[in-house]
Amino acid sequence: MTTVTSSTRTQVAIVGGGPAGLMLSHLLHVAGIESVVLDHRTYDEIATTHRAGILERDSVRLLVDSGASDRVLTDGHEHQGIDLRFGGESHRIDFQKYVGASCWLYPQTEVFIDLHAARTRDAGDLRYGISGAEVHEVGASSTGPRVTYLDPEGARHEVTAELVVGADGSRSICRDLVEPRTQYFREYPFAWFGVLVEAPTSAPELIYTRGEQGFALISQRTADVQRMYFQCDPSENPADWSDDRIWEQLQGRVAGPDGFRLNEGPVIDKSVLPFRSFVQTPMRHGRLLLAGDAAHTVPPTGAKGLNLALADVRVLAEVIERTVSKGEAEALDTYTDRALARVWKAQHFSYWMTTMLHQLPESTPFDERRQLGELATLVASEAGKTYLAEGYTGWPDRG
Ligand code: PHB
């Protein structure tokens with residue numbers, strides 16, 4: 001084994017330097033707690049990986065109030081509603097009217113860039129592009145957990161800490177250290193074909209549409225670049241899809257008697273996004289705590305993934321502060337239940353929006369009409385629209 005060339009002592013070692021890990025490191029810094037952030041990926045890899053683009057009200061508040069980002073308010077766009085489109089007609093859900101809240105269109109890559117800038121400004125210890133990270137001695141009886149890894153030059157390092165946080169995403173190495181653990185899964189028989197297109201915006205707000213050929217989502221990025229998705233078979237290969245074929249699918253899914261059409265332009269990025277629901281419990285084992293995708297995944301309908309990770313981290317920063325700074329060791333015991341209460345709400349919301357708007361391969365004419373009946377009930381009901389608006393803009397955190 002290569003000898004250890006450096007050993008760093010910190011209070012919290014954070015495995016994963018995406019938005020969840022960086023937000024936690026930032027909140028801990030504000031509370032006077034030191035951390036080291038480690039990630040296998042490079043800064044550029046994370047900053048160029050396209051993810052969802054909608055922030056709940058409380059995610060925006062967290063970014064702004066903690067001093068992590070002002071740009072979300074200046075460069076982000078407030079959206080006061082969405083369009084639900086089915087049977088070729090649009091139905092606006094007015095969030096301000098029903099719950100007095102908005103969400104913000106501000107892509108995850110921008111959240112990452114802002115958080116990275118905030119940690120760099122505050123001299124945070126961020127180590128990207130590492131390999132072979134291993135987490136040791138996190139069990140309940142451990143007094144000194146450690147993370148070892150190789151730096152980009154192949155030299156071996158060690159970080160010792162009071163606590164380790166696994167914010168290392170859907171391919172987490174940390175989650176396997178939780179013993180015993182229970183995992184809940186749901187697979188879906190479809191995926192999303194995601195594109196970035198160079199075209200002007202087609203509508204002021206996001207459009208979630210259930211077309212005869214399946215689901216499509218019309219989202220946005222900037223005045224000149226739009227993000228769109230359509231339901232596809234998980235085995236589709238993006239290389240088989242020409243721009244014409246992509247536009248035909250998208251236009252077909254939004255088409256209706258109102259003559260609505262999308263503004264077209266060149267497709268500059270295309271990929272197939274998997275769909276699954278996953279939860280692992282507990283989210284804590286001894287001195288190890290999990291946050292975000294390491295512990296749970298939601299399907300992308302409703303854009304809950306990043307928001308849920310930020311909600312975990314909000315709770316986690318608080319329980320870590322109580323443990324590390326105030327000696328309240330029992331605070332850690334509350335983490336799993338507090339985080340999972342919101343996780344299961346978001347699991348239900350994402351599942352509900354997904355199944356209400358997508359076509360299942362085995363669906364019968366009965367299923368299709370029942371689905372249209374559900375959508376018609378929703379948009380005709382103040383209670384139904386309030387329910388959707390509450391979930392979409394995010395349930396208030398009542399601690
Ligand atoms: C996105 O803009 O990428 C996006 C927006 C809303 C969703 C999912 C993705 O529900």
Side-chain angles (χ1 to χ4, degrees), residues 18-19 46-57 59-60 72 75-86 90 92-93 95 101-113 170 188 190-210 214-232 246 250 253-254 262 267-277 293 297-310 345-358 388-394:
I46 306 176
T48 55
T49 304
H50 302 297
R51 304 292 290 270
I54 290 288
L55 294 177
E56 293 174 356
R57 169 186 41 190
S59 298
V60 174
V72 59
D75 297 12
H77 295 275
E78 179 181 356
H79 281 219
Q80 301 194 347
I82 55 165
D83 251 3
L84 270 191
R85 195 169 161 85
F86 56 95
S90 282
R92 180 161 191 261
I93 313 283
F95 300 154
S102 298
C103 56
W104 267 258
L105 182 94
Y106 193 62
Q108 180 162 331
T109 41
E110 303 302 313
V111 175
F112 168 74
I113 289 166
S170 56
Y188 298 81
F190 45 76
W192 275 7
F193 198 103
V195 293
L196 272 179
V197 302
E198 261 171 25
T201 312
S202 292
E205 292 173 341
L206 270 57
I207 306 173
Y208 288 81
T209 179
R210 179 209 177 275
F215 173 82
L217 167 60
I218 312 305
S219 183
Q220 311 166 357
R221 284 296 176 264
T222 64
D224 318 307
V225 175
Q226 313 309 323
R227 182 76 165 143
M228 304 185 187
Y229 304 92
F230 60 88
Q231 175 185 351
C232 71
I246 289 168
L250 286 165
R253 291 179 193 209
V254 299
L262 299 167
V267 174
I268 52 175
D269 188 86
K270 49 187 171 182
S271 58
V272 172
L273 287 75
F275 245 72
R276 72 209 275 256
S277 303
D293 283 1
T297 313
V298 288
T301 328
K304 285 279 166 264
L306 172 60
N307 293 295
L308 214 44
L310 294 177
K345 283 185 184 172
Q347 286 292 354
H348 170 67
F349 185 78
S350 309
Y351 167 91
W352 173 64
M353 284 211 45
T354 298
T355 49
M356 182 167 67
L357 291 161
H358 289 69
L388 191 146
E390 254 168 20
Y392 201 96
T393 57

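For ligands, and for the atoms within them, numbers begin at 1 and follow the listed sequence.
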Within ligand 1, which atoms have a heavy atom of I54 less than 4.0 Å away? 5 (C), 6 (C)
Does ligand 1 come near enough to Q220 that some N or O of the ligand is less than 3.5 Å from an N or O of the residue? no
Minimum heavy-atom separation for T109 and T49, please, with both atom names. CG2-O, 3.3 Å
I'd like to know if the side chain of E110 and the backbone of G53 have a donor-acceptor N/O pair within less than 3.5 Å. no
Considering only heavy atoms of R221, which atoms of ligand 1 have at least one such atom less than 4.0 Å away? 1 (C), 2 (O), 3 (O)
N/O separation below 3.5 Å, A303 to ligand 1: yes
Which atoms of ligand 1 sit under 4.0 Å from any heavy atom of L206? 5 (C), 6 (C)
Any idea which atoms of ligand 1 are less than 4.0 Å away from a heavy-atom of P300? 7 (C), 8 (C), 10 (O)
Quick one: are the ring centres of Y188 and H358 less than 6.0 Å apart? no
Would you say G302 has any N or O atom under 3.5 Å from an N or O of ligand 1, going by distance alone? yes
Give a yes or no on whether the backbone of L308 and the side-chain of E56 come within a donor-acceptor separation of less than 3.5 Å. no
Hey, is L217 touching ligand 1 through its side chain, its backbone, both or neither, going by heavy atoms under 4.0 Å? side chain
In ligand 1, the atoms that come under 4.0 Å of a heavy atom of Y208 are 6 (C), 7 (C), 10 (O)
Residue G53 vicinity, atoms of ligand 1 by number, heavy atom under 4.0 Å: 1 (C), 2 (O), 3 (O), 4 (C)
Taking the non-hydrogen atoms of H50, is any one of them nearer than 4.0 angstrom to ligand 1? no
Short question: side chain of K304, backbone of G391 - any donor-acceptor pair under 3.5 Å? yes
I'd like to know whether CZ of R221 has more than 12 heavy-atom contacts from other residues, nucleotides or ligands below 6.0 angstrom. yes
Got P299 and Y351 here, is their nearest side-chain heavy-atom distance under 4.5 Å? no
If you count the atoms of ligand 1 from 1 in the order shown, which ones are under 4.0 Å from a heavy atom of A52? 1 (C), 3 (O), 9 (C)
Among all protein non-hydrogen atoms, which one is nearest to atom 3 (O) of ligand 1, and what is the separation to 0.1 Å? Y229 OH, 2.5 Å
Between S219 and ligand 1, does any nitrogen or oxygen pair lie at a separation below 3.5 Å? yes
Quick check: does any side chain N or O of N307 sit under 3.5 Å from a backbone N or O of I54, one acting as donor and the other as acceptor? yes
Ignoring hydrogens and angles, tell me if any N or O in the side chain of T201 forms a donor-acceptor pair with the backbone of Q220 under 3.5 Å. no
